[in-house]
2 protein chains.
Amino acid sequence: MSRKTFQRLTLDERKRTLLEATLTCVAQQGLKGATVRRIAEEAGVTAGLVRHYFGSKNGLITSAYAYLIGQLTAEADTRARQSTGDANDQLRHFLIANMTMPNLSEEKVSLWATFIGRVRYETDFADIHREGYRDYLTLLESLIEPVLAAHGRPHGSAECRRHAIAVNGLIDGLWMEGSLNSGLYSRNILPDLVTGACERLLRLQEGSLSGGKQHT
Amino acid sequence: MSRKTFQRLTLDERKRTLLEATLTCVAQQGLKGATVRRIAEEAGVTAGLVRHYFGSKNGLITSAYAYLIGQLTAEADTRARQSTGDANDQLRHFLIANMTMPNLSEEKVSLWATFIGRVRYETDFADIHREGYRDYLTLLESLIEPVLAAHGRPHGSAECRRHAIAVNGLIDGLWMEGSLNSGLYSRNILPDLVTGACERLLRLQEGSLSGGKQHT
DNA sequence: ATTCTTGTTATACAATTGTATAAAAAATTG
DNA sequence: CAATTTTTTATACAATTGTATAACAAGAAT
């Protein structure tokens with residue numbers, strides 16, 4: 001009876017391995033299927049490591065939620081910054097980043113929803129949600145402000161905040177329903193749809209975000 | 001050792017009791033806390049009844065999801081129909097119904113999110129989601145069409161569908177973030193915010209939905 | 001009243017869960 | 001190469017879970 005051979009990893013590598021295994025498990029079968037044993041197997045280790053690195057299963061799950069939120073925001077942020085164009089172009093890229101892969105994915109939305117369901121009764125989750133939401137809103141606000149300015153529209157702090165809340169709602173809703181995609185429409189319409197809708201929300205000139213390829 | 005005294009209820013009464021107990025439990029502690037025993041206790045019965053009425057725990061949970069979706073849509077639908085005013089007024093009431101109690105509640109959103117997290121990997125949940133979404137979208141479309149017509153704007157089938165998708169996204173997103181309310185803004189701003197945003201999405205005259213009390 | 005049906009309780013059980021603890025092996029240090 | 005550290009495995013255990021089954025009791029039928 002020889003023991004399993006193994007390799008020691010650095011703290012960060014091992015943690016990331018476990019976090020990603022956790023997300024994989026939760027995405028596949030929900031929290032019910034994400035047992036310590038299954039997660040460990042998915043990560044290629046044994047169950048004891050969870051305690052070693054995260055203290056408890058709950059510590060692992062909580063960290064996995066924060067990890068996911070970080071991924072989502074980072075992706076949209078990066079895509080916006082990669083744009084070399086003007087303010088319109090940056091906002092456009094940000095919007096589209098949320099309506100295309102990898103962010104627009106059934107797996108990501110499933111994970112997100114599963115975790116959101118715990119925000120109400122677990123303070124750890126509530127904290128992560130609040131911070132993530134605040135960051136996202138701030139980022140969106142900072143993208144909207146110069147766009148409004150460039151269009152010669154009012155762009156005070158209160159206005160931007162209000163617009164950011166509405167646009168964020170639009171993004172969240174479309175992201176969710178679009179990812180779960182009930183087969184009622186094609187996902188391909190989402191990028192145009194979100195840019196067009198955002199133009200209207202901000203009362204921009206038609207085509208300023210969608211590049212003139214806009215319907216209706 | 002005397003047994004628990006009990007009262008026999010009709011099939012519908014008992015089912016509803018169990019469904020509501022289920023939602024209460026899931027809202028309080030998520031699916032993990034919604035054990036057959038806890039649900040039964042909440043309903044004032046013993047665990048065996050779950051099997052008797054719903055076949056299995058999964059049958060109960062699935063039915064509870066359908067029950068919740070029905071409640072949400074019915075409330076918005078009713079509020080829209082209660083309006084005695086014109087098309088604008090009906091759409092306005094529909095929107096507001098989603099931004100006020102009882103639909104705008106942390107409990108309802110928590111429940112909804114928890115269930116949505118299972119849509120991806122359980123066909124029963126996927127079916128319920130798809131149907132509920134389709135119904136909701138159809139209802140919204142039927143409210144939008146006469147509004148566009150009254151404003152002399154294009155109101156073909158494709159246009160209405162497209163608008164309904166966007167408006168639905170807006171509602172979903174605001175409903176969710178507003179209900180979870182991270183303390184970043186007051187819920188009181190949501191009714192005005194959603195009507196104002198919807199006006200813009202549909203490119204209506206300012207104040208047509210919000211009754212002129214609109215900001216920005 | 002008595003019988004009959006079936007809604008309801010009570011109990012049992014195998015399976016699974018999270019976690020605590022001890023043993024082993026890998027890498028680091030001297 | 002020997003000693004040390006600490007990552008990792010392996011095992012054990014109490015608690016909880018969903019469900020199956022049998023006993024019981026409430027209300028309807030006769």
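Per chain, numbering begins at 1; letters A, B, ... match sequence-line order.
Rounded to whole angstrom, the span from the NZ atom of B/K32 across to the C1' atom of D/dA15 amounts to 14 Å. Following rounding to the nearest Å, B/Q7 (CD) and D/dA28 (P) show an atom-to-atom distance of 11 Å. As a whole-Å value, the separation of B/L49 CG from C/dG7 C1' is 7 Å. Remark: C1' of D/dT8 and NZ of A/K15 are 16 Å apart, rounded to the nearest angstrom. Between B/I39 atom CD1 and C/dT9 atom P the separation is 15 Å, expressed in whole Å. Atom CG of B/L31 is separated from atom P of D/dT17 by 13 Å (rounded to the nearest Å). Atom CD in A/E41 sits about 13 Å away from atom P in D/dA10, given to the nearest Å.
For A/T35, the listed nucleotide lying nearest its side chain is C/dG18; candidates were D/dT19, C/dA10, C/dG18. Closest approach to the B/R8 side chain among C/dT17, C/dT8, D/dT9 is made by C/dT8 (side chain taken as heavy atoms from C-beta onward). The nucleotide whose nearest atom lies closest to any side-chain atom of A/F6 is, among C/dA25, C/dT9, D/dA10, C/dA25. Residue A/K4 has its side chain nearest to D/dT9 when only D/dT9, D/dT19, D/dG27 are considered. In this structure, the nucleotide among D/dT19, D/dT7, C/dG7 sitting nearest to the side chain of A/H52 is D/dT7. The side chain of B/R3 lies closest to C/dT8 when the candidates are D/dG18, C/dT8, D/dT9.
The OG atom of B/S63 sits 9.5 Å away from atom CD1 of B/I61, with the distance rounded to the nearest 0.5 Å. Taking CZ of A/R37 as the reference point, atom NZ of A/K57 lies at 11.0 Å (rounded to 0.5 Å). Rounded to the nearest 0.5 Å, atoms CZ (B/R162) and CD1 (B/I144) are 13.0 Å apart. For the atom pair CD1 (A/I116) and OG1 (B/T114), the distance works out to 10.0 Å, reported to the nearest 0.5 Å.
Among the heavy atoms of the strands lying under 4.0 Å from A/V45 are primed sugar atoms or P, OP1, OP2 only; no base atom is included. Within the 4.0 angstrom heavy-atom criterion, base atoms lie near A/R37.
Checking the phosphate oxygens (OP1, OP2) of D/dT8, a side-chain nitrogen or oxygen of A/Y53 falls inside 4.0 Å.
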- After noting the C-alpha distance and the side-chain angles of A/R79 and A/T100, does the key distance pass the side chain to side chain donor-acceptor pair (under 3.5 Å) rule? CA-CA 11 Å; A/R79 295 267 290 268; A/T100 50; 2.9 Å; yes

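Map A/G48 and A/R38 each onto its nearest nucleotide of DNA chain C; the residue landing nearer the 5' end is A/R38.
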